[in-house]
Amino acid sequence: AQTVTQSQPEMSVQEAETVTLSCTYDTSESDYYLFWYKQPPSRQMILVIRQEAYKQQNATENRFSVNFQKAAKSFSLKISDSQLGDAAMYFCAYRTVSNFGNEKLTFGTGTRLTIIP
Amino acid sequence: NAGVMQNPRHLVRRRGQEARLRCSPMKGHSHVYWYRQLPEEGLKFMVYLQKENIIDESGMPKERFSAEFPKEGPSILRIQQVVRGDSAAYFCASSPPLAGVYEQYFGPGTRLTVT
């Protein structure tokens, strides 16, 4: 079974600075998707960024980018120019394909990000 | 196009009662996933359904929990004889028929409290 590990329960960063959240995963599959989701205090799950394993180029969405190291099974999220609205729980997720053909998500335990004004 | 809708947003039940959680997927979405988030934990997959079919319930507890997605109407997650350990946030997510290439879109969740 696939596992996702986020080893940083909490992180903090000064407003306007850059922060990197770590994520590692374990899988025997060669093709899969990786995601970062943001969960603010409202608890709504918001997709931040997606990476396709067969693409070597790191995904980027405005101030958010990833460092995808497939051989090392590492998928970190970099947030540049941090803003107060970035404060949230961040979850790394792996999308697996089960024997039934569905694409259920496997989540890490999350990193709570605090932005210091 | 309205997002994924879940109701109620908050549900309080006494031990032994039944809890019914509803999820209306986005328009055009025929795949529904249910996840559970225990306090201070990540989301855990429970069940995957398509219209009128349970495809994968490998994450669902064997007893007291059931799910359905009828031809008409919302998907329902039903918890019978609730216990304190069932207190959690329950999230529903939906995706279009070609689920292999699309993200799952999450609803706002239902927070279940068992007293």
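Each chain gets a letter, A, B and so on, in the order its sequence line appears, and its residues count up from 1. As the structure is a computational prediction, the values presented were derived from the model and not from experiment.
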ILVMFWY network linking B:Y105 to B:L77, side-chain heavy atoms under 4.5 angstrom: no
Close contacts, residues 82-91 of chain B versus chain A, judged by heavy atoms under 4.5 Å: B:A89, B:F91
Atom CD of B:Q81 with >12 non-hydrogen neighbours under 6.0 angstrom: no
Hydrophobic cluster membership, B:W34 vs A:F35, 4.5 Å side-chain cutoff: no
A:K70 atom NZ, neighbour heavy-atom count above 12 within 6.0 Å: yes
Approximate separation, where rounding is to 0.5 Å, of B:M46 CE and A:K104 NZ: 12.5 Å
Residues of residues 108-115 of chain B near chain A, each having a heavy atom less than 4.5 Å away: B:P108, B:R111
Nearest atoms (heavy-atom pairs only) where B:Q37 meets A:F91: NE2-CZ, 3.4 Å
Shared hydrophobic cluster for A:I49 and A:V13 (ILVMFWY, side-chain gaps under 4.5 Å): yes
Residue A:M11 excluded, over 12 heavy atoms near CE under 6.0 Å: yes
CZ/B:R15: more than 12 non-hydrogen atoms of other groups inside 6.0 Å: no
Gap between atom CG of B:L43 and atom CD of A:Q39 - 0.5 Å precision: 6.5 Å
Interface residues of residues 106-117 of chain A facing chain B - non-hydrogen atoms under 4.5 Å apart: A:F107, A:G108, A:T109, A:R112
Same apolar cluster: A:W36 and A:F64, side chain cutoff 4.5 Å: yes
Between CE on residue A:M45 and SG on residue B:C92, distance to nearest 0.5 Å: 13.0 Å
ILVMFWY cluster, A:L77 and A:F75 together (side-chain gap under 4.5 Å): yes
Pairing residues for A:Y90 by the ring-ring contact (aromatic ring centres under 6.0 Å, His included) criterion, not counting sequence neighbours: none
Qualifying residue, where the test is side-chain contact (heavy atoms from CB on, under 4.5 Å) with B:F106 and the options are A:I46, A:L47, A:L105: A:L105
